[in-house]
Undergrad: 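Structure incoming, see below.
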Amino acid sequence: MNSVGEACTELKREYDQCFNRWFAEKFLKGESAGDPCLQLFQRYQLCVQKAIKEKDIPIEGLEFMGPSKGKAENSS
């Protein structure tokens, strides 16, 4: 599946591959420490956010999940 922005599709593919590899080779075997795909996810996330703004897609009322989402809520 392609990303919301054409420029983001390759980043999405790279992140999906990284995540699937980590999930199958580490997480399912009980090795859940660390996130080797975090930098790829962050680059992809920024690309998607930029594409959403450029395409003027309304996102009011939507909550986005991500690595910092839970941390911000738990730290208050």
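Side-chain atoms are counted along with the backbone in the values below, which use heavy atoms only and exclude waters and symmetry mates.
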Undergrad: Give the ring-plane orientation class for F19 versus F23, where under 30° counts as parallel, over 60° as perpendicular and anything between as tilted.
TA: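 The rings of F19 and F23 lie parallel, inter-plane angle below 30°.
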Undergrad: Tell me, please, which residues at least two apart from K50 pass salt bridge (charged side-chain N to carboxylate O under 4.0 Å, His left out).
TA: E54
Undergrad: Roughly how far apart are D35 CG and C18 SG, rounded to 0.5 Å?
TA: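 If we round to the nearest 0.5 Å, D35:CG and C18:SG are 7.5 Å apart.
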Undergrad: List the atom of S32, the atom of F27, and the distance in Å for their closest heavy-atom pair.
TA: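 That closest heavy-atom pairing would be CB-CD1, 3.7 Å.
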Undergrad: Which residue pairs pass the salt bridge (Lys or Arg N to Asp or Glu O under 4.0 Å) test when at least one of the two sits in residues 20-32, sequence neighbours left out?
TA: K26-E31
Undergrad: Which donor-acceptor pairs under 3.5 Å do the side chains of residues 4-13 make with protein atoms, sequence neighbours left out?
TA:
from, atom 1, to, atom 2, distance (Å)
T9, OG1, S3, N, 3.3
E10, OE1, R13, NE, 3.2
E10, OE2, R13, NE, 3.2
E10, OE2, R13, NH2, 2.2
K12, NZ, D16, OD2, 2.7
R13, NH1, Q17, OE1, 3.1

Undergrad: Mind telling me whether Y15 and F41 have parallel, tilted or perpendicular rings, with 30° and 60° as the class edges?
TA: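 Judged by the thresholds at 30° and 60°, the geometry between F41 and Y15 is tilted.
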